[in-house]
Engineer: 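There's a structure below that I have some questions on.
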Amino acid sequence: MRLTVNEVLLICAVSFFTAFVWIWSNVEDKITINTGNPVIVWWTTGFPSTSESIKCESDVKCDVYSNRDIEKNFEVGAYLFYASNIHFEDLPLPRRASEIIWGLYHEESPRNVQELLHEPTLSLFNYSATFSRYSDIPFPLQYLDSWSDIVSKEYFVPTAKKNSFLKDLAPILYLQSDCETATERDSYVRELMKFINIDSYGACLKNKELPQKFKDDYLNNLNDNEFLHFIARYKFVLALENGVCEDYVTEKFWRAIKVGNVPIYFGSPSIKDWFPNNKSAILIQDYPTPETMSVYIKKLLENDNLYEEHLMHKTKEAISNNRLIEELSERPYQTDALNVAGKFECLICKKLHEKKTRQLKIRVVNKNHYNCPKPVSALTLKVNPSNDWVYLWDKTQKDAEVIFKRVIQS
Ligand SMILES: *[C@@H]1O[C@H](CO)[C@@H](O)[C@H](O)[C@H]1NC(C)=O
Ligand SMILES: *[C@@H]1O[C@H](CO)[C@@H](O)[C@H](O)[C@H]1NC(C)=O
């Protein structure tokens with residue numbers, strides 16, 4: 001095929017035009033939309049990445065940007081902060097507390113941003129989205145991927161089969177590579193090992209090698225099918241969180257529920273509120289010492305009926321906890337971080353509209369939204385003053401007061 005000069009020119013012109021329109025529409029999109037909607041800006045970078053007009057319930061609309069330069073062009077109504085990326089020396093000051101709403105999104109463990117353990121820092125914000133049931137956009141079930149995981153038998157190994165594996169496997173699995181924690185989980189497990197066999201494959205208290213195929217990068221493959229089948233053969237798994245907060249329940253717990261290990265759990269003090277059934281895990285806080293725990297585990301090893309009482313969600317496909325059932329049906333967004341962010345943006349958007357019509361009530365985030373008391377050791381069930389994380393908890397309390405004063409007086 002041959003093209004004439006005119007045809008070539010025409011094609012060039014069309015391509016340039018298309019490119020121009022494309023670039024212009026993107027610029028338009030990102031920087032200069034002027035819809036008159038209230039403007040929400042994610043001050044922190046990294047998550048989520050957005051520039052769009054959102055439409056929420058009751059037809060309420062806002063423009064949301066993750067580009068803070070937008071404040072040069074528009075009046076910002078609210079700043080949102082993704083807690084893990086907050087730098088307290090880089091905040092949008094002055095605070096202008098009566099005019100601008102601040103929202104805090106925080107899904108991580110307290111070791112991440114210690115300043116947010118304390119009420120003065122929390123109280124800089126008006127609304128929160130956290131794992132706490134008392135948050136404005138709560139997501140206590142963030143690590144439960146789906147409802148069906150609880151009762152699914154995809155990975156489940158029946159008790160008789162698990163018993164036959166005991167020739168080669170310990171009854172209990174420990175799999176952790178972060179060994180110095182606020183909850184001193186290694187100290188607990190080291191003690192428990194004196195009374196009962198535990199297979200430990202991670203860097204912490206390691207006494208067994210993973211099969212070659214999992215060895216290189218197991219931390220990034222914890223949810224692979226094959227790996228889940230590998231861990232499902234264990235009767236019990238040690239599930240100790242690295243921090244203690246109300247409603248902070250991680251994949252350690254939910255993965256055990258999913259594959260059908262009985263978790264031996266330490267972490268969220270109110271964990272029972274999220275059990276599928278009232279015996280879905282054995283709580284370290286209920287046994288005064290590792291030795292008494294080992295006595296109970298041994299009893300279950302000798303009696304399959306007693307053991308299976310802890311696995312009703314698998315053996316009977318039963319879920320008797322109404323709080324859990326309601327939570328999942330009323331807040332299905334919570335297993336997806338971007339959905340949570342979207343819900344949060346809409347809440348803030350609604351508040352900005354209420355503000356326009358002077359219907360907005362004053363609201364300040366408090367300790368209940370992110371309730372992580374001074375960490376307690378799993379071994380002694382008491383605060384250990386020589387634990388580094390306890391030291392940091394105290395230190396950041398003073399930092400939090402300094403930050404509060406600086407921001408409020410700005
Ligand atoms: C645990 O659940 C079972 C069955 O749903 C029930 O019969 C029992 O009373 C419950 N026990 C406690 C301590 O709540
Ligand atoms: C937002 O929080 C600030 C800081 O605590 C507070 O002074 C202000 O009254 C709050 N504003 C609204 C509208 O809730």
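What's counted below: heavy atoms across the whole structure, side chains too, no hydrogens, waters or symmetry copies. All ligand and atom numbering here is 1-based and tracks the order in the structure. Here the structure is a predicted model, which is why all the values come from computation and not from measurement.
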Engineer: What part of K355, side chain from CB on, backbone N/CA/C/O, both or neither, has a heavy atom under 4.0 Å from ligand 2?
Structural biologist: neither
Engineer: Among all protein heavy atoms, pick out the one at the shortest distance from atom 14 (O) of ligand 2; state its residue, atom name and that distance to 0.1 Å.
Structural biologist: R363 N, 2.8 Å
Engineer: Over 60° means perpendicular and under 30° means parallel, so tell me whether F214 and F230 are parallel, tilted or perpendicular.
Structural biologist: tilted
Engineer: Looking only at protein heavy atoms, which one is nearest to atom 6 (C) of ligand 2, and what is the separation?
Structural biologist: A97 CB, 4.0 Å
Engineer: Rounded at 0.5 Å granularity, tell me how far OG in S146 sits from CG in L141.
Structural biologist: 11.5 Å
Engineer: Is a side-chain donor-acceptor pair under 3.5 Å present for D247 with W274?
Structural biologist: yes
Engineer: Among all the protein's non-hydrogen atoms, which is closest to atom 5 (O) of ligand 2, and how far away is it?
Structural biologist: S123 O, 2.7 Å
Engineer: Taking atom types as modelled, find out whether Y248 and N371 have a side-chain donor-acceptor pair closer than 3.5 angstrom.
Structural biologist: no
Engineer: Just jot down the ligand 2 atoms closer than 4.0 angstrom to any heavy atom of R95, in number order.
Structural biologist: 1 (C), 2 (O), 3 (C)
Engineer: For residues 339-350, run the donor-acceptor check on the side chains, cut-off 3.5 Å, and write out each pair with its distance to 0.1 Å, sequence neighbours left out.
Structural biologist:
unit_1 : atom_1 : unit_2 : atom_2 : d
E345   : OE2    : W42    : NE1    : 2.8

Engineer: Distance to the ring centre below 6.0 angstrom and angle to the axis at most 45 degrees; does that hold for K206 and Y201?
Structural biologist: no
Engineer: Which option, V364, N126, V407, owns the non-hydrogen atom nearest atom 12 (C) of ligand 2?
Structural biologist: N126
Engineer: Among all protein heavy atoms in this structure, tell me which lies nearest to atom 13 (C) of ligand 2, with the distance rounded to 0.1 Å.
Structural biologist: L360 CD2, 3.7 Å
